Amino acid sequence: MPRRPAALTTGRASVLAALTATVLTVTGTPALAAPGDEHPMNRAFARAAAEFDVPRDLLAAVGYGETRLDGHSGRPSQANGYGVMHLVSNPTNRSLERAADLTGEPLSELRTDTGANIMGGAAVLRAHADKLGLDARERDDIDAWYPVVARYSGSQGALAALYADTVYTFLADGLDAVAPGGERISVTGRPVAPQKGSVPAADLSTRSTDYPSALWAAAHTNNYTEGRTEKIDKVIVHVTQGSYAGSISWFQNPTAEVSAHYVVRSSDGQITQTVRDGDTAYHARSANASSLGIEHEGFVDDPSWFTDTMYRSSAALTKYLCDRYGIPKDRAHILGHKEVPGNDHTDPGPYWDWNRYMELVGGDTGGETGDGLSFTSYATQQSGSTGAQVKAVQRLLNEQGQNAGAVDGSFGPTTKSAVIAYQKAHGLVADGVVGARTWTALLSAGAATSLQEGSSGDAVKRLQRSLTAALGSTVAVDGSFGPATTTAVRSYQTSRGLVADGLVGAKTWAALQAGR
């Protein structure tokens, strides 16, 4: 590759003048110097950098761009990538297997052990550098690594450049990030003037014809169907489980068999369309033919990806699509992937702020999550009340064998009689008013299924709804028993004099079903 002149002192402006916003959202202050080796991830970066002669800050910037330095406990990304360095194993990118060959580490360690994964990432970067002919002097020059980073992305052309540009923005602006274990990983900002070599510039000029604010990068024809068999009547919100550039690249992979209409970047809200609105993307099984899919860069278990800029940019897109196609701006028509029948995904997950998003869209939040029973809070319902929560009361009463009449959202005499009968049967004050205790009992009614962190399904949703009513604070209803649900269970158990172990067994269910 061409060598950089030894005395290059001008033109060192940031590589990403084309990007409209600073990528970093983790800090509003100048980056700190990298801390010492006393913490495991910092030690891993330093050790891997020394072992393979890769700049430590470059290694950290790649990891941050891929995963926000979160290995996600060995769970794969959408593209089947693993760990902090996102070592990938799919038909067109075998960086995981390449890392195993280069380091001698077993695949299982590279997937789950952060130190091994970082070492593997460094090994792959060095292998690309060797193939590109970087000598020892060039390896000391962080700007010479741009083509290497582009190759590490597993993408080609403009997408590879987009990926490398993002990494060099982190290097230019600096990082002061906190890894999931609480360890601080820092990169000091510096002027950058990357030697791009033969890597083409990221093409930011091709625009979407469906949404003028979006870029256009077509998904592979294997990953969507031309045309539609149903009218567009809903928007479905997804989370990529991977990076922005990586997800777009995956949609262009002929083996992926997945796609979405739009992808939104975390840092600055940039949007790329990959499938035309009039074509059927493969994103939500039973709803593909009738929906538009919007992917959001990030991971469901890490709220740091869901930036204000992302929310606003995505909401503007959703509002535009609803107006264009006559889609009602409510939670019955703007759904999360997990809410679509026949799907086993959990995105957008418990950290997606639906109330905020719907307010930005300009639609009706209703506090609902699309199933008619889940609300961000449960208000007192009594004679004369109307609306979605009355419908929920009527539905729950009918399911419990009490005749509440038609599920019409109007709290009349029949509904009140059913409430009183239910309250008497469960030892509650029989006043015909559905307050916190009656809500808790109604929402938790059903089999006392033993649950703990890692559980999933309808029983977890039932638990999450009843905890929201009992505690008076929102517990996200996603059917996935994660850390937030564990915290809510322990809070409930402590306040009710139960053993606060975070496990939901017979005693915890009994307390909930008694409306305690």
Side-chain angles (χ1 to χ4, degrees), residues 20-21 25 211-214 232-240 260-271 284 287 291-340 346-381 385-392 409 461 464-465 468-469 471-478 484 488:
T20 57
T25 59
Y211 185 58
S213 297
I232 298 171
D233 65 5
K234 61 182 73 69
V235 173
I236 298 177
V237 172
H238 301 264
V239 173
T240 59
H261 293 91
Y262 298 91
V263 187
V264 186
R265 187 158 61 188
S266 170
S267 61
D268 59 1
Q270 184 184 89
I271 298 173
S291 64
L292 294 160
I294 304 176
E295 288 276 6
H296 298 81
E297 181 185 27
F299 291 82
V300 297
D301 58 357
D302 185 353
S304 71
W305 294 88
F306 303 149
T307 62
D308 178 72
T309 306
M310 170 183 275
Y311 276 120
R312 293 181 183 280
S313 178
S314 175
L317 169 61
T318 294
K319 181 179 187 300
Y320 176 90
L321 295 173
C322 287
D323 290 342
R324 182 176 186 183
Y325 297 106
I327 302 170
K329 298 185 186 78
D330 58 37
R331 288 288 284 111
H333 297 86
I334 302 172
L335 304 169
H337 190 181
K338 67 184 178 64
E339 297 168 335
V340 179
T346 62
D347 55 316
Y351 300 111
W352 183 260
D353 191 337
W354 277 111
N355 280 349
R356 179 183 182 189
Y357 188 68
M358 293 302 295
E359 287 172 0
L360 290 170
V361 170
D364 178 17
T365 67
E368 291 184 80
T369 59
D371 58 18
L373 295 177
S374 303
F375 298 82
T376 55
S377 63
Y378 291 88
T380 299
Q381 306 299 317
S385 297
T386 59
Q389 293 202 6
V390 175
K391 286 185 178 181
K461 289 184 179 181
Q464 291 166 329
R465 294 185 194 107
T468 296
L471 296 171
S473 58
T474 303
V475 179
V477 181
D478 61 1

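Position 1 is the first residue of the sequence; numbering continues from there. The basis for the numbers below is simple: all heavy atoms, side chains too, and nothing from hydrogens, waters or symmetry mates. Everything quoted here is computed from the prediction, not taken from an experiment.
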Any side-chain heavy atom of [X] within less than 4.5 Å of one from [Y]?
X: Leu321; Y: Tyr211; answer: no
X: Thr240; Y: Trp305; answer: no
X: His296; Y: Ser314; answer: yes
X: Ile271; Y: Val264; answer: yes
X: His333; Y: Lys329; answer: no

Next on the checklist: Are Tyr351 and Phe306 an aromatic pair, judged by ring center distance below 6.0 Å?
Outcome noted: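 Not close enough - the centres of the two rings lie 6.0 Å or further apart.
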So, does [X] use its side chain to make a donor-acceptor pair with the main chain of [Y] at under 3.5 Å?
X: Ser291; Y: Val235; answer: no
X: Gln389; Y: Ala379; answer: yes
X: Thr468; Y: Thr474; answer: no

Inter-residue atom distance [X].[atom1] - [Y].[atom2], 0.5 Å rounding:
X: Ile232; Y: His261; atom1: CD1; atom2: NE2; answer: 6.5 Å
X: Lys319; Y: Ile327; atom1: NZ; atom2: CD1; answer: 13.0 Å
X: Arg356; Y: Arg312; atom1: CZ; atom2: CZ; answer: 6.5 Å
X: Ile334; Y: Cys322; atom1: CD1; atom2: SG; answer: 4.0 Å
X: Thr307; Y: Asp268; atom1: OG1; atom2: CG; answer: 8.5 Å
X: Glu339; Y: Thr346; atom1: CD; atom2: OG1; answer: 11.5 Å

Shortest non-hydrogen contact between [X] and [Y], atoms and distance:
X: Val239; Y: Asp347; result: N-OD2, 3.1 Å
X: Ile236; Y: Gly336; result: CG2-C, 4.1 Å
X: Val340; Y: Ala284; result: CG1-O, 3.7 Å
X: Glu295; Y: Ala260; result: CG-CB, 3.5 Å
X: Glu297; Y: Met310; result: O-CE, 3.3 Å
X: Leu360; Y: Ala315; result: CB-CB, 3.4 Å

Checklist entry - Taking the inter-plane angle between the rings of Tyr311 and Trp352 on a 0 to 90° scale, is it parallel (under 30°), tilted (30 to 60°) or perpendicular (over 60°)? => result tilted
Checklist entry - Is atom NZ of Lys234 surrounded by more than 12 heavy atoms (other residues, nucleotides or ligands) closer than 6.0 Å? => result yes
Checklist entry - Side chains of Tyr320 and Ser213: is there a donor and an acceptor less than 3.5 Å apart? => result no
